[in-house]
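Computed from heavy atoms alone, side chains included, the values below leave out hydrogens, waters and symmetry copies.
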Amino acid sequence: MGTLLRTLALGIAFTATVSGCGEAADDTDIDSLPIVTEDDKADTTGSPLMWVRPSSFPVYCFAYPCATKQVAEVNGGESRLIFKYDWRALKLTATEVTTAEANHFNMMLRGRYNTIKVSGQPMTVLQISRANMKVSLSSDDNPEKDGFYLTKEAPCSKQPCPVVQAQLVNKTQAAELWNSIDLSRLGLSTTQQQSLTTEMQDKIGQVYVSQATTPTGSKQISQAFRSIKAPALK
């Protein structure tokens, strides 16, 4: 599905540059939507919470209103075209929202889909409940092939203990226990790798990672994602 969307977008690229899509005034009233919640009982959208990876590939269209972003649901989900993000649940400042918008393709986002009418047309909004920024700019994850996990402290009753417990996101299957993690692909310093490993072993779970399988069958961490409000790794 993601390949199809990219192909369609590329096919109308020339038309978009001529038509100047999006020139009309943005008449979207995001405030008309309730602020997203992670409480399923309080949710009014009927849409499940979903982890996605935004694409940096440009989205083109013929005429306003049109999608401006594309996201891929990680671990085998669909690709979606998004008209706008709703950041309100994160309580960011106006400057922080501007920065987040400019860097959204470097994030792993969690939220619910909702629909709003723009110029009489139904358009999809992603209401974001969590936003995590990728740690490394020297390594790329692959949403179509990599596995995306929440990492946390591993249970241990006997030595040697697993390094971390890893739970696939957007899935309900049992967690995995990893006896080793390879962070070398991220290009971090030794101290930064140690700090990231410590965060990955947090009891609650705050770090999300993508795991790639190499041609030889060994597994590596292709990317790690930390809260956009987390301080830089030292």
Side-chain angles (χ1 to χ4, degrees), residues 36-38 49-56 69 71-75 77 82 85-112 126-154 162-171 175-212 219-234:
V36 69
T37 175
E38 294 201 346
L49 285 162
M50 191 67 60
W51 280 103
V52 304
R53 276 287 283 124
S55 171
S56 59
K69 301 170 179 69
V71 300
E73 297 170 358
V74 300
N75 294 331
I82 304 297
Y85 293 138
D86 176 5
W87 301 94
R88 291 176 300 159
L90 302 187
K91 298 182 179 179
L92 304 178
T93 65
T95 299
E96 288 171 336
V97 169
T98 299
T99 301
E101 285 282 346
N103 292 280
H104 72 106
F105 51 86
N106 286 324
M107 297 182 187
M108 184 174 170
L109 303 172
R110 191 185 198 210
R112 301 184 194 271
L126 179 62
Q127 296 192 270
I128 298 168
S129 61
R130 301 188 201 181
N132 283 28
M133 181 69 73
K134 69 181 186 180
V135 168
S136 173
L137 296 178
S138 62
S139 179
D140 291 324
D141 54 297
N142 186 334
E144 294 183 356
K145 295 182 179 180
D146 293 356
F148 288 75
Y149 296 81
L150 167 63
T151 60
K152 60 171 62 176
E153 180 184 42
V163 178
V164 294
Q165 174 179 295
Q167 176 70 59
L168 276 170
V169 301
N170 295 343
K171 299 288 184 180
E176 301 175 17
L177 297 177
W178 293 351
N179 294 318
S180 63
I181 50 176
D182 181 359
L183 301 175
S184 60
R185 183 168 157 178
L186 302 183
L188 303 176
S189 68
T190 300
T191 302
Q192 289 173 325
Q193 286 193 41
Q194 293 173 342
S195 297
L196 182 59
T197 299
T198 299
E199 290 186 13
M200 290 173 66
Q201 295 169 327
D202 182 82
K203 291 183 178 181
I204 298 176
Q206 299 186 53
V207 177
Y208 295 80
V209 300
S210 57
Q211 186 186 67
K219 293 184 177 181
Q220 296 180 318
I221 301 303
S222 56
Q223 191 56 260
F225 301 86
R226 303 165 68 242
S227 171
I228 59 172
K229 296 185 178 182
L233 285 173
K234 297 180 179 180

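- Under the 3.5 Å distance criterion, with hydrogens and angles disregarded, a donor-acceptor pair is assigned to the side chains of S138 and S136.
- At least one side-chain heavy atom of M108 sits less than 4.5 Å from a side-chain heavy atom of W51.
- R185 approaches I221 most closely through the heavy-atom pair CB-O, 3.8 Å.
- When all heavy atoms are compared, the tightest approach of E96 to T93 is OE1-N, 2.8 Å.
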The test is side chain to side chain contact (heavy atoms under 4.5 Å, CB included); show your working for L196 and L183 and say whether it passes. CA-CA 9 Å; L196 182 59; L183 301 175; 4.2 Å; yes

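- Judged purely by distance below 3.5 Å, without hydrogens or angles, the side chains of S222 and D141 never pair a donor atom with an acceptor atom.
- In this structure, Q201 and V163 approach most closely via the heavy-atom pair NE2-O, 3.2 Å.
- Closest approach of A131 and W87 over heavy atoms only: CB-CZ3, 4.1 Å.
- Salt bridge R130/E38: present, at least one basic N to carboxylate O contact under 4.0 Å.
- Taking every heavy atom of both residues into account, F105 and R53 meet most closely at O-NH1, 3.1 Å.
- Under the ring-ring contact (aromatic ring centres under 6.0 Å, His included) criterion, Y149 pairs with W178, not counting sequence neighbours.
- No side-chain donor-acceptor contact under 3.5 Å links T151 to the backbone of V164.
- Between K234 and T191, every side-chain heavy-atom pair lies at or beyond the 4.5 Å cut-off.
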Step-by-step side chain to side chain contact (heavy atoms under 4.5 Å, CB included) determination, T37 to S129: CA-CA 7 Å; T37 175; S129 61; over 6 Å; no

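- With E199 as the fixed residue, the side-chain hydrogen bond (donor to acceptor under 3.5 Å, both in side chains) test singles out one of Q206, R226, Q194, K152: R226.
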Step by step, would you call Y208 with V169 a side chain to side chain contact (heavy atoms under 4.5 Å, CB included)? CA-CA 9 Å; Y208 295 80; V169 301; 3.9 Å; yes

Quick one: do I128 and D86 satisfy side chain to side chain contact (heavy atoms under 4.5 Å, CB included)? Show the steps, please. CA-CA 6 Å; I128 298 168; D86 176 5; over 6 Å; no

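- Residues H104 and S55 come closest through the heavy atom pair CE1-O, 4.1 Å.
- Proximity of N132 to I228: side-chain heavy atoms (C-beta onward) are nowhere separated by under 4.5 Å.
- A salt bridge links E101 to K69: at least one charged side-chain nitrogen sits closer than 4.0 Å to a carboxylate oxygen.
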